[in-house]
Structures are given as C-alpha cells and as structure tokens.
Amino acid sequence: MGVGTSGAKSAPRARDVRDTPAPPRAGQHDDRLDADHDTGHDTGHDTDHDADHGAGPRSDPGNELGIDPDDLPDGLVIADENGRVIRFNAAAARITAVPAAAALGRHLESALPLEDLEGRRWWQLTDPYGGLAIRVGQPERNLLLPGGREVLVSARYVRTAPTGPVRRVVVSLRDTEARRRTERSHAELIATVAHELRSPLTSVKGFTATLLAKWERFTDDQKKLMLETVDADANRVTRLIAELLDISRIDSGRLEVRRQPVDIGAAVGRHIQAYVTSGQPADRFLLRIEQPLPPLWADPDKIDQVLSNLLENAVRHGEGTVTIDVTPSVSPREREDGENAATSVTVSDEGTGIPEESMNRVFTRFWRGSKRGGTGLGLYIVKGIVEAHGGTITVGRAPGGGAEFRFTLPVGTPAYLL
C-alpha cells in the first residue's frame with residue numbers, strides 16, 4: 001500500500017403571483033358575479049342568490065388567493081348545483097385527454113365519465129346531488145377513464161348548510177404513474193431480496209442437513225470448511241437484511257447519524273489492509289492523504305459502510321490501481337469565512353468506467369454496472385448515508401479512464417458540544 005502526500009487541490013425561478021382582487025365595497029356591484037353568464041356557461045341559478053348564501057367560488061375559483069387553477073399540479077373539476085362543469089383546469093385536460101372547452105358546460109357525468117374497477121358508473125353509484133344529505137365527499141380511490149386508463153379521484157361536496165343541497169362538486173384528479181413506479185420499485189425490491197436470500201439459505205440448509213445426517217463420515221477439515229461456508233452465507237444474509245433496514249430508514253427519512261470524531265485516513269487504511277489480507281496485492285491500492293485535514297465528526301459505522309461499498313465497487317468492477325485521495329475541501333454548505341470546512345474522499349480505478357448515459361442512474365435502486373453480482377442497492381445506500389451527514393456525492397470519469405466516486409462531508413462539531 002502506497003501512502004503519500006499530493007499537492008493541494010483547488011477547491012422555480014420565482015413565478016409571478018396574480019394580483020389579489022380587492023373585495024367590493026358595500027353597495028358596489030362586483031363584475032365577477034356575472035362571470036358565469038359572460039362566459040356563456042349557464043349555471044342554472046341566480047348569481048345574487050348564490051352570493052346571499054355564500055355558495056363558494058362564483059366565477060374563477062382560486063382568484064381570491066391569487067392562484068390560477070391552471071397552475072395546480074393536480075386536475076381540478078368543479079360542477080355547479082345543477083351538475084354542469086364550470087371549471088376544468090389544464091391538469092384535468094391533460095389527465096383526461098379532454099379539452100377544457102369541450103368539458104365546460106356539460107354535465108359532470110358526461111364530461112368526466114368514470115367507472116370503478118368493476119365497470120360500474122361511478123357518478124351513478126355515488127349520486128352526489130341526490131345521495132345522503134350528510135355526505136361531504138368521496139375519499140380518494142382508483143377509477144377508470146374511457147379506454148381503461150387509471151386515475152386517482154377524490155371529491156368534495158360543498159353545501160350551504162351541513163344537510164343542505166349540494167351547491168358545488170369539487171373533484172380532484174391525479175395521475176397514477178408515480179404510484180405505479182413506486183409499486184414496480186417495491187416489486188423489484190421483493191424479487192431481488194427473494195433471489196439474494198435463496199442462494200445463501202439453500203447453502204446453509206444443505207450443509208447443516210448434511211452435517212447432521214453424516215457427521216461421523218467427515219474429517220475435521222471437511223467439517224470446518226462446511227461450517228465456514230455456513231458462517232459466510234449467514235453473514236451474507238445479515239448484510240442483506242441490514243441493507244433493507246437502511247433503505248427503509250432512508251426512504252422514510254429516519255436514518256440516524258451518531259456523530260463522533262472520525263479519522264478518515266485510518267478508516268480507509270483499515271479497509272485496504274482487509275483487502276490485502278484477503279489476497280489482493282498491496283500495490284493495487286494507492287492512498288494519498290493531504291494534510292492537514294480538518295477534524296471530521298461523523299457516524300463511524302456508516303462511514304465504514306460508505307468506504308466498504310465504494311472500495312468493493314472499485315475492486316470488483318474496476319481494473320488496475322485503485323486510488324483513494326483524502327483531501328480538505330469546501331463544505332457543501334457555504335461558509336462565510338472561506339476556510340476549508342469539509343473532507344473529501346475520492347475513489348477511482350483504471351477500468352472501463354461507467355458509460356455516460358448511465359451516470360444519472362448510478363445512485364438509483366438496483367443499478368448494476370456489470371454482471372458480476374451484487375444487489376444493486378449499495379450505491380443507493382451510500383448516497384443516503386452521505387446526504388444524511390449533510391454531504392454530497394458525485395460520479396465521473398477518473399484520469400485513468402475508470403470510474404471516480406467523490407463524496408464530501410462537512411466537518412462541523414455537533415451542536416451539543418459547542
């Protein structure tokens with residue numbers, strides 16, 4: 001293992017908000033009350049009567065807040081007291097593939113023909129205008145548009161009194177693509193875990209059953225080899241379970257970081273020594289530490305996990321010399337004093353590297369750079385751990401042509417010690 005010292009290294013545009021219209025003064029006529037008639041969409045009732053009873057939005061729902069309904073990410077459909085559509089925003093038009101002009105003025109059931117997963121017409125089942133007078137809406141559920149496309153639909157019934165007639169039906173539409181991606185990801189995770197567990201558990205079961213049935217027939221060396229294999233496979237299962245727990249904590253934002261002083265150079269040295277002990281040539285690794293390094297406060301176990309994954313990737317998938325550079329750096333969080341406030345670790349190899357088109361997927365679940373095994377979860381966990389420390393991690397092409405991973409960790413002392 002070579003140890004040396006390298007030279008010092010160099011370190012929604014805000015959108016316009018519509019003016020909020022001022023409320024009319026006492027006795028002053030508000031032109032907005034006539035908007036339904038001006039646009040040619042008959043709501044079927046007197047707007048003055050509507051105003052007297054506080055029936056909710058009168059012409060352009062959301063104007064009072066300075067929000068254009070077309071800027072909403074979810075589909076918004078509003079029907080009046082007669083079931084005629086008076087609002088059909090841009091997202092609703094995109095999700096349903098029905099132009100707003102074609103939906104406005106039509107009856108809700110005609111403009112938005114929804115069916116449940118059993119093929120029953122949803123508006124006839126729920127009957128918002130003639131159903132229970134105490135009902136306030138419908139919870140979100142999967143429904144089908146014409147053509148079989150799934151959407152998530154929820155509805156709110158606006159009444160003038162708790163049991164009064166329905167004056168507005170407000171419908172929210174959401175595309176199911178994001179949910180489908182999540183479901184596919186979960187299915188892939190289950191399939192990957194089942195595959196990774198089957199192999200070591202089969203080995204453990206086979207060797208233990210053989211030893212129990214034919215213990216006397218084996219020599220001590222044979223027994224030791226079998227038990228060592230069982231132990232290695234049990235460790236593999238343990239690591240996989242630990243990865244699953246880490247993924248769960250990362251996805252839920254519950255990954256805890258217990259900061260302690262960490263000697264990052266010594267930590268890298270221990271990992272290199274472990275590879276050398278297991279048979280890797282010592283001259284395959286080059287460790288360069290630039291001094292002085294600022295004191296690093298981090299979770300030592302999780303930093304070991306990050307280093308283990310990055311070095312394993314370089315050894316398993318890369319070629320040639322694996323170079324590890326540890327340098328002081330500028331913190332990912334800006335510092336006014338301009339001093340080095342972070343430590344960077346760069347792991348690079350001399351292999352074929354990662355294709356340019358794959359670099360944006362390296363830190364996603366199940367990404368594999370080759371067919372040399374692995375669950376494809378390691379780099380996803382690495383990114384989660386680094387970001388939980390307030391750091392950043394990047395991937396690029398190394399000077400020698402291989403892959404280069406660089407993570408930077410802020411080194412500030414925990415607040416409870418200040």
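If you read the sequence from its start, that first residue is 1, and numbering goes on from there.
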Less than 4.5 Å apart, side chain to side chain, heavy atoms only: is that true for [X] and [Y]?
{"X": "R254", "Y": "S248", "result": "yes"}
{"X": "L310", "Y": "L379", "result": "yes"}
{"X": "L240", "Y": "E243", "result": "yes"}
{"X": "D221", "Y": "L225", "result": "no"}
{"X": "K383", "Y": "V362", "result": "no"}
{"X": "E109", "Y": "Q124", "result": "yes"}
{"X": "V169", "Y": "Y157", "result": "yes"}
{"X": "V306", "Y": "V345", "result": "no"}

Dump the intermediate steps for side-chain contact (heavy atoms from CB on, under 4.5 Å) on V382 and F407, then the final yes or no. CA-CA 9 Å; V382 164; F407 68 91; 5.9 Å; no
Distance (rounded to the nearest 0.5 Å) between [X] [atom1] and [Y] [atom2]:
{"X": "D304", "Y": "I264", "atom1": "CG", "atom2": "CD1", "result": "8.0 Å"}
{"X": "R236", "Y": "L197", "atom1": "CZ", "atom2": "CG", "result": "9.0 Å"}
{"X": "R94", "Y": "D175", "atom1": "CZ", "atom2": "CG", "result": "6.5 Å"}
{"X": "L132", "Y": "D127", "atom1": "CG", "atom2": "CG", "result": "9.5 Å"}
{"X": "R156", "Y": "I78", "atom1": "CZ", "atom2": "CD1", "result": "13.0 Å"}
{"X": "K224", "Y": "T219", "atom1": "NZ", "atom2": "OG1", "result": "11.5 Å"}

Can a donor-acceptor pair be found, under 3.5 Å and without considering hydrogens, that links the side chain of N89 to the backbone of L76?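 Side chain of N89 to backbone of L76, a donor-acceptor pair under 3.5 Å: yes, one is there.
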Where [X] and [Y] come nearest, the two heavy atoms and their spacing:
{"X": "R167", "Y": "E81", "answer": "NE-OE1, 2.8 Å"}
{"X": "D349", "Y": "A314", "answer": "OD2-CA, 4.1 Å"}
{"X": "A282", "Y": "V276", "answer": "CA-CG2, 3.8 Å"}

Is it the case that over 12 heavy atoms from other parts of the model lie below 6.0 angstrom from the [atom1] atom of [X]?
{"X": "K223", "atom1": "NZ", "result": "yes"}
{"X": "L117", "atom1": "CG", "result": "yes"}
{"X": "E357", "atom1": "CD", "result": "yes"}
{"X": "R397", "atom1": "CZ", "result": "yes"}

In plain terms, say whether [X] and [Y] are close enough for a salt bridge, that is, a side-chain N and a carboxylate O under 4.0 Å apart.
{"X": "R84", "Y": "D80", "result": "no"}
{"X": "R406", "Y": "E404", "result": "no"}
{"X": "R288", "Y": "D325", "result": "yes"}
{"X": "D246", "Y": "R249", "result": "yes"}

Show your reasoning for whether side-chain contact (heavy atoms from CB on, under 4.5 Å) applies to L112 and L173. CA-CA 10 Å; L112 195 62; L173 304 175; 4.0 Å; yes
Intermediate values then yes/no, side-chain contact (heavy atoms from CB on, under 4.5 Å), W122 and L144: CA-CA 9 Å; W122 193 60; L144 300 176; over 6 Å; no
Residues N142, L152; criterion side-chain contact (heavy atoms from CB on, under 4.5 Å); working and verdict: CA-CA 5 Å; N142 277 31; L152 296 171; 2.6 Å; yes
